[in-house]
Amino acid sequence: MPELPEVEVVRRGLESGVVGGTIERVHVRHPRSVRRHVEGAADFEQQLADQRVVGARRRGKYLWLALDSGDAVLGHLGMSGQLLVRPRAAPLERHLRVVFELSEGRDLRFVDQRTFGGLLISREGAELPREMSHIARDPIDPEFDEAAFYAAVRRRRTGVKRALLDQTLVSGIGNIYADEALWAARLHYARPTETLRRSEVERLLDEVRAVMTRALAEGGTSFDALYVNVNGESGYFDRSLAAYGRRGEPCPRCGTPIRRDAFMNRSSYTCPRCQPRPRRGRW
DNA sequence: GCTTGCGCCTGAATGC
DNA sequence: TGCATTCAGGCGCAAG
C-alpha cells in the first residue's frame with residue numbers, strides 16, 4: 001500500500017507528466033471515489049473542465065494538483081489507489097474510478113481497487129487545502145518541528161505507536177513503517193508516550209526518516225515514476241523489512257522469532273527480546 | 001478536549 | 001471442489 005515514499009514518487013511523476021497541461025474533461029466512473037466532494041460527481045466533472053495544472057504538491061500521504069484558478073484537486077490514495085498517466089487509447093483498467101482527459105491525447109487515471117482513496121476539489125486550496133489543515137508535517141519535511149513534536153507526544157496519554165500513526169502529530173507514517181522504525185529504535189509499540197525521553201524520540205524519528213529515505217531511494221529507481229504497484233505488496237518491501245509481516249522469522253539483530261500482536265484492528269510485529277513490553281514503573 | 005474503536009471495501013488466503 | 005470466513009489497511013467520525 002502506498003506510504004509516504006510511494007506518494008512522493010507519484011507526486012514527482014505528476015510534476016513531470018501533468019503539470020503544465022490542461023484538463024479538458026473529467027469522467028467520474030465510481031461516485032464513491034469523489035464522496036468527499038460534497039457537491040457531487042457532476043459538479044466535480046464540471047468544475048475541472050478546461051483547468052490548467054500549475055503544480056503537484058504533497059503533505060504526508062495527501063497529494064494535490066494546484067490549478068491556475070487557485071483551486072486544487074486534492075487526493076488520497078488510501079490503500080490501493082494509483083494515479084496513472086496513460087495514452088487515451090490505452091485499455092481501461094479494471095478498477096478505473098476517475099478519468100481526467102488531458103491535452104495532447106493523454107489521460108490521468110485514478111485507479112483504486114478498494115476505494116479507500118478519493119478525490120475532491122478544494123476551493124482556493126492551491127497552496128494548502130483547508131481540508132487537510134489538521135494534517136501535521138512529515139518527518140522528512142525541512143520545517144518539521146521536532147521539539148514541538150516531542151512536547152505534544154509527552155502530553156499524550158497513549159502508546160508510542162498510536163502517536164506515530166496519529167496524522168495530527170506527525171504525518172506520513174503507516175503501520176508498516178511504524179513497526180520498522182520501532183524495531184530499529186528498540187521501542188515496544190505500547191510504551192507510554194509520557195515516559196519517553198527526548199533522546200528516545202529523536203532516535204525514533206531518525207529511524208522513521210531512515211526507513212522512508214531507503215524506500216524513497218528504492219521506489220524512485222525500481223518503479224516507473226507514475227506506477228506504484230499496490231496489488232502485490234510492493235516488491236522492495238519484502239527485501240528490506242526487518243519486522244513487519246515476519247511472524248516467526250528470526251529477528252535480523254538477535255535471531256529471536258518475531259511475534260505478531262493484534263493492535264488497533266490490525267497487527268504489530270516486534271522482536272520480544274529487542275523490544276520488551278513495558279512494565280509499570282520500568283522502562 | 002482527548003482517546004478509542006468502528007466501518008468503509010475488495011480480493012487473496014485460509015478453513016471446513 | 002466449493003462455499004464461507006478472515007484478513008489487510010488509512011481515514012473520518014462517533015462514542016466513550
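Here is how names work: the chains are called A, B, and so on, in the same order as the sequence lines, proteins then strands, and each is numbered from 1.
Separating the CG atom of A:Leu63 from the C1' atom of C:dG10 is a distance of 14 Å, rounded to the nearest angstrom. Atom CG of A:Leu96 is separated from atom P of B:dT10 by 15 Å (rounded to the nearest Å). Per the geometry, CG belonging to A:Leu77 stands 18 Å off P belonging to B:dC9, to the nearest Å. Between A:Leu169 atom CG and C:dC11 atom P the separation is 13 Å, expressed in whole Å. As a whole-Å value, the separation of A:Phe116 CZ from C:dG12 C1' is 12 Å. A:Leu164 has its CG atom 12 Å from the P atom of C:dG10, to the nearest Å. In this entry the distance linking CE of A:Met79 with P of C:dG12 reads 15 Å, nearest Å. Atom CG of A:Asn175 is separated from atom P of C:dA8 by 9 Å (rounded to the nearest Å).
The 5' end of DNA chain B is approached more closely, in terms of each residue's nearest nucleotide, by A:Asp166 than by the other of A:Asn265 and A:Asp166.
When each of A:Lys161, A:Glu180, A:Glu3, A:Arg266 is checked for a side chain to side chain donor-acceptor pair (under 3.5 Å) with A:Asn175, only A:Lys161 meets the rule.
Residue A:Arg94 places at least one side-chain N or O under 4.0 Å from the OP1 or OP2 atom of B:dG11. Within the structure, a side-chain polar atom (N or O) of A:Ser267 is placed less than 4.0 Å from OP1 or OP2 of C:dA8.
Among the protein residues, A:His134 comes within range of the sugar-phosphate backbone only, with heavy atoms under 4.0 Å from sugar or phosphate atoms but none that close to a base. Within the nucleic acid shown, A:Arg260 comes within 4.0 Å of sugar-phosphate atoms alone, with no base atom in reach, counting heavy atoms only.
Which of B:dT10, B:dG11, C:dC11 sits closest to the side chain of A:Gln167 comes down to C:dC11. Checking C:dA8, B:dG11, C:dG12 against the side-chain heavy atoms of A:Tyr62 singles out C:dG12 as nearest. The side chain of A:Gln113 lies closest to B:dG11, out of B:dG11, C:dG10, C:dC7.
Classification of A:Glu93 and A:Arg109 as a salt-bridged pair holds, one side-chain N sitting under 4.0 Å from a carboxylate O. A:Asp43 and A:Arg123 are joined by a salt bridge, as a carboxylate oxygen and a charged side-chain nitrogen come within less than 4.0 angstrom of each other.
By the 6.0 Å and 45° rule, A:Arg253 stacks over the aromatic ring of A:Trp183. Stacking of A:Arg162 on the aromatic ring of A:Phe263 is recorded, both the 6.0 Å distance cut-off and the 45° axial limit being met.
In this model, no donor atom of one side chain and acceptor atom of the other lie less than 3.5 Å apart for A:Arg12 and A:Ser16. Between the side chains of A:Arg58 and A:Tyr62, no donor-acceptor pair of N or O atoms lies under 3.5 Å.
At a non-hydrogen distance threshold of 4.0 Å, A:Arg156, A:Arg157, A:Thr158, A:Arg162 from residues 143-163 of chain A come into contact with DNA chain B.
Below the 3.5 angstrom threshold, one finds a donor paired with an acceptor across the side chain of A:Arg266 and the base of C:dG10.
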